[in-house]
Each structure stands twice: as C-alpha cells, then as structure tokens.
J.: 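Below you'll find the structure I mean.
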Amino acid sequence: MIVNGSVDSLQSGFANLASQAEPTFRDPAGQLLLTATHALRRIHPSAEGAVRDFLASPLRAALERSGDLIASSIAAPERHTCIKPGELWLEHPRVEPISYPWEWTAAQWRAAAELTLRVAAKAVEAGWTLKDATPLNVLFVGTRPVLVDVLSLERRDPRSTVWLAYGQFVRTFLLPLVAAKHLKWPLQAMLFRRDGYEPTAIARALPVRHLLHPRLLDVVTLASILEGSGTDRRQNRPRGLSSACDPELARHILRRRIARLERQIAYAAPVQGPSQWSEYTQSASHYSAADVEAKQQFIRSVLGCYRPARVLDIGANTGSYSVIAAEAGAQVVALDSDEAAIDALWRTAAVKGLPITALAANIARPTPAAGWRNREHLGLLDRLNGGFDLVLMLAVIHHLILREQVPLRLVGELCAALTRRWLVVEWVPPADPMYRQWLRGRDDLYGNLSEADLLQAFAPFFHPRLRTVLSNQRVLLLFERAGSASEACGIRPPGAPQA
C-alpha cells in the first residue's frame, strides 16, 4: 500500500500501469479504475443506495479496523478528473504490487481463503452476506491478505440459509487446494481457470480413498454426482432448506456451513515440504561465515546510506536480504521461482511483522498478462517496472546466463527498467563451484565471461559506484542508474575499494 513519502517517486510507474490496465467490467454494480495514486470505483446508479448503506454500516467500519477490508471513502470530483457531475465514485488506496492467485504459495492461498470465510462469517452476524468469494478479490498488503472488492457485500435475507457464494468459494478456493495436495496440480494453473475447478473434474482424478474422505464427500463426491444428474452446476450449494422461519436458525445454519468450509480448507491446504533451494542458505558450502558477514555488511551499508523506500529482491530464496531491507525501513517485494523458499520467506515475514510481499515468480519467465484482451490481469513486469529505488540481484545473473541463456546486455536492460536508481549485483565468476555446476560443458560459450564483460554490458544503463570482493572471489557491485543525479555517501564496506 502506498505510504507517506513514496507517492511522488511512484507516480511515473503507476501512471504507466494505469494506462495498460483495462477498467473492470464484470461487476454489474460498479467499475474499478486504477490511477497513478489510487484505485477508483465508479458505482452504477442502480447500486448507489446499497453502497451508501454499506458505507454507513458498523460492519464496514469493523472490517476496515481489523484490516480485513480495503479502506473506502467517497471520491472528491475536484481530485479526479474522471468523475463527472452527479456520479458516485469510491476512492481506495493503491496496493502495490498487485498480485494474483497464481503467484501465491499454498499457504498464502489458504490465508486468502480464511480471510474470505472470516469476512463471510462477520457479514452473517451483521445481517449482510458476501455475494462473491473468489481469490481475485483478495490482494496481499505485505504478508496480510485484504479483501478489496467492497461491492461483494450486500444485505442478507434474514431467513435465507443459502450462502450464494458457496459454490464459487468451493470451485476457486477449496478445489484448487485439493488438487494441489492430492493430485499435485500446480496452483499456477489457475491462471487459465478463472472460475476454478468443477467437482466432476476433481472426482475423476482422485483415488477412491479420497472420494470417501469426510472432508471431501460433499464438495467433491456428492457434488459431482448431483452435477452428473443434471443439477445446475452454477448452484453448487449444500443440500438442505433454502430458508427458515426463524432468522436465528438461518444464521445458525450459515455459521455451521462456513465453519465446515474452514475445516475443509485446513484439511486441503498442502503442507509445504523442503526443496533444494529452500535449504540452500543452510547447505551452501561456498560461503564462509566471514563471506556471509561481509555480504550482509555491504547490503546494510547501501541500505543505511541511501534509505530506499521500495526494494525488489530478485531470486530472494528464503529472504535473508529481504528481511535486512525490510528491517532497514524499506517496503520489499521478494521474487523466487521456488515455492518452498518463498513460502518460508512469507512465514518469516508474517511472524516478524515485516512489510515484505513474497511472490512465487520467475523473473526470466514472468507471469504473462491474462484475461480480456490481455489487459484484465497485467503481466508481472508491467506491475514491477519503474517501481523500486533499489533492486537486489544477489547470485542471480549466472542463473540467467547459464539456465536461461540470457545475454548480459539484456539483463542490464531489464534491471534498468525495474529500478529508478540503485542496483546491487553479486557477480559469480566462472571459477566458482556453482557456476561450474551449471556450465555443463558449455565452456566455449560461457566459460570465459568476466566481471569486465558485465561492466561493459551494463555500461549503457548503469555506472558502477562501489565494489567489494569476498574471500570466495564473488564480487558485490553497487550500480547507479545512468542519468541519475550523483549522490555521494562515502560508504566503504570493509575491504571495498571504490570502483
């Protein structure tokens, strides 16, 4: 979320983002528009009364106080030129970066599901209902999921025992987790399944022993049988009476159904096991304790000198340096393609209460744009470009060279698009054991690359400002983006001559 002191520096990046995003069109009650500083929601005339009713409700105030719902206020026409006389618009703070469910870990998916059920339960108690229940209505502010679609809440028929969003929740939250846990279907596949999975698709693939499990019997087995019998699949509701004479009985039934979904989510969420990279920090033998200390001191010196408000950590692994940046006062976005590593980082940041947004994403193969005209959901680079004061690429470039075959010049060009000012690179020389491991006999192509090649390739985009060599011969380099006003700071980490 935008914080004081960082709005002006983000204007250009956000303006570019807003120009690429298609205004939303699926909600009949309103339309969302991104601007350089806010998210604006135009309310259609037919929904104005209901929206004003919700804005005045104790439920809205309670959800905003708890942090479960994005803050809303009536937008002032004089502040936004898009507002025409007589129109009702809501103003929300921007959440940056925008993330999508296919970039979340299973634990983040579960957290978003639990948020949705928590809001649904609070709504029931207050006489309201959550009419939509999809992961696409949730964004992460740091480690915390937040419901951002205020139009999803509406007054509830006090005698109704049906949660209209039940089927959508099952298809888009619960069944993807079931598929990830029992079938190893990646959550990233939800990029292509906006409306989630149908119960029959899961039932056909699951072993019989899972079909009879009490936590799956109603949402998979019985639901697929009913679907096969011709029941309207869009209903996908639990069986039972649709209304009760006693409003308290109706509320009790809804509480029970939501509580059951909470137990089903807890059962379905996969437990993230370790991976090669999630244990890399502990198992890496090519860093001595002195190397680790020198590397951390270099990063701390840069952070302490230049005080970047926003930091992007590419190839963050389990987030040692993301944590250092966040503890230095920066808002951090951490990327890694290894879900287990990102999961560990997300949990660490949540426990420590740090402003780190952790995304399971590969900078070399970034999440593509999706949805209507490829403008409904923006690509990863569209959401990151120009949004950071400092980018960290620690022991990443040799992976881009050797695994992705990306030329150094293109790496420099990418970094220049991401950072507004500073870039820290850890150069891994060809003699390094990890470099040799990934070289795989391609010595003629990549075996002779040097730090000088890196500097030459980056020269059109960056100027080197600081350099230090670790005892393992890895090199830490601080670059300043070409065209930036020079800002001498006088930092000199131990053993680091000026470049």
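Quick caveat: nothing in here was measured; it's all calculated off a predicted structure. Numbers for residues simply follow the sequence, beginning at 1.
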J.: Check R118 with E114, please: is the shortest side-chain N to carboxylate O separation under 4.0 Å?
T.: no

J.: Take D53 and E154, measure what side-chain contact (heavy atoms from CB on, under 4.5 Å) needs, and give me the verdict at the end.
T.: CA-CA 9 Å; D53 187 22; E154 65 179 11; over 6 Å; no

J.: Hey, does V119 have a side-chain heavy atom less than 4.5 Å from the side chain of L63?
T.: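 With C-beta onward as the side chain, the pair touches.
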
J.: Assess whether a salt bridge exists between R421 and D389, defined as any Lys/Arg side-chain N lying under 4.0 Å from an Asp/Glu carboxylate O.
T.: no

J.: Is the shortest heavy-atom distance from the side chain of L33 to the side chain of W89 under 4.5 Å?
T.: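 In short, these two side chains touch, coming nearer than 4.5 Å.
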
J.: Will you find, in the side chains of E91 and H80, an N or O donor that is under 3.5 Å from an N or O acceptor?
T.: yes

J.: State whether R383 and E103 are salt-bridged, where the test is any N-O pair (Lys NZ or Arg NE/NH1/NH2 against Asp/Glu carboxylate O) under 4.0 Å.
T.: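 Between E103 and R383 there is a salt bridge, with a charged N closer than 4.0 Å to a carboxylate O.
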
J.: Under 3.5 Å, is there a donor-acceptor pair linking the side chains of S152 and D149?
T.: yes

J.: Going by atom types alone, do W104 and S99 pair a side-chain donor with an acceptor below 3.5 Å?
T.: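 Yes, because at least one side-chain N or O of W104 sits under 3.5 Å from a partner of the opposite role on S99.
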
J.: Are L90 and L40 close enough that some pair of their side-chain heavy atoms sits under 4.5 Å apart?
T.: no

J.: Would you find a donor on one side and an acceptor on the other, under 3.5 Å apart, between the side chain of T419 and the backbone of W422?
T.: yes

J.: Can you find a pair of side-chain heavy atoms, one from V178 and one from L183, that are under 4.5 Å apart?
T.: no

J.: I need the minimum non-hydrogen distance between L378 and Y100, along with the two atoms involved.
T.: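 Minimum heavy-atom separation between L378 and Y100: N-OH, 2.9 Å.
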
J.: Surrounding CZ of R26 (heavy atoms of other residues, nucleotides or ligands, distance under 6.0 Å), is the total greater than 12?
T.: yes

J.: Between L414 and I363, is there a side-chain heavy-atom distance shorter than 4.5 Å?
T.: yes

J.: Given D313 and V333, is the side-chain contact (heavy atoms from CB on, under 4.5 Å) satisfied, shown in steps?
T.: CA-CA 6 Å; D313 189 359; V333 177; over 6 Å; no

J.: Could you check whether R144 pairs with D68 (Lys NZ or Arg NE/NH1/NH2 to Asp/Glu carboxylate O, under 4.0 Å)?
T.: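 Looking at D68 together with R144, the answer is yes, because their closest N to O distance falls below 4.0 Å.
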
J.: Report yes if the side chains of L390 and L303 come closer than 4.5 Å at any heavy-atom pair, otherwise no.
T.: yes

J.: Minimum heavy-atom separation for P176 to R171, with atom names?
T.: CD-O, 3.2 Å

J.: With sequence neighbours left out, which residue pairs that include part of residues 198-217 fulfil the ring-ring contact (aromatic ring centres under 6.0 Å, His included) condition?
T.: H182-H210, H213-Y267

J.: Quick one, D336 and I314 - any side-chain contact, counting heavy atoms below 4.5 Å?
T.: no

J.: Have a look at L139 and tell me which of V95, L147, V146 forms a side-chain contact (heavy atoms from CB on, under 4.5 Å) with it.
T.: V95

J.: Hydrogens and angles aside, do D218 and Q264 bring a side-chain donor and acceptor to less than 3.5 Å of each other?
T.: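 Yes, because at least one side-chain N or O of D218 sits under 3.5 Å from a partner of the opposite role on Q264.
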
J.: T105 and E339: side-chain donor and acceptor closer than 3.5 Å?
T.: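 No.
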
J.: Parallel under 30°, tilted from 30 to 60°, perpendicular over 60°: which one fits the rings of W102 and H377?
T.: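 Geometry flag for H377 against W102: perpendicular rings.
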
J.: Using modelled atom types and a 3.5 Å cut-off, is there a donor and acceptor pairing between side-chain atoms of R60 and backbone atoms of L55?
T.: yes

J.: For the residue pair C415 and M393, establish whether any side-chain heavy-atom pair is separated by less than 4.5 Å.
T.: yes

J.: Is atom CZ of R256 surrounded by more than 12 heavy atoms (other residues, nucleotides or ligands) closer than 6.0 Å?
T.: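 No, CZ of R256 has 12 or fewer neighbouring heavy atoms, counting only those of other groups under 6.0 Å.
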
J.: Checking W109 side chain against F173 main chain: does a donor-acceptor pair fall under 3.5 Å?
T.: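 Here the side-chain-to-backbone pair exists.
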
J.: Would you check if the side chain of R94 reaches a backbone N or O of T35 as a donor-acceptor pair within less than 3.5 Å?
T.: yes

J.: Hey, are K122 and E125 close enough for a salt bridge, meaning a charged N less than 4.0 Å from a carboxylate O?
T.: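 Judged by the 4.0 Å cut-off on N to carboxylate O distance, K122 and E125 do not form a salt bridge.
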
J.: Quick one: does Q168's side chain have a donor or acceptor within less than 3.5 Å of a partner on A133's backbone?
T.: yes

J.: Indicate yes or no: does R255 engage E248 in a salt bridge with an N to O separation below 4.0 Å.
T.: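 Between E248 and R255 there is a salt bridge, with a charged N closer than 4.0 Å to a carboxylate O.
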
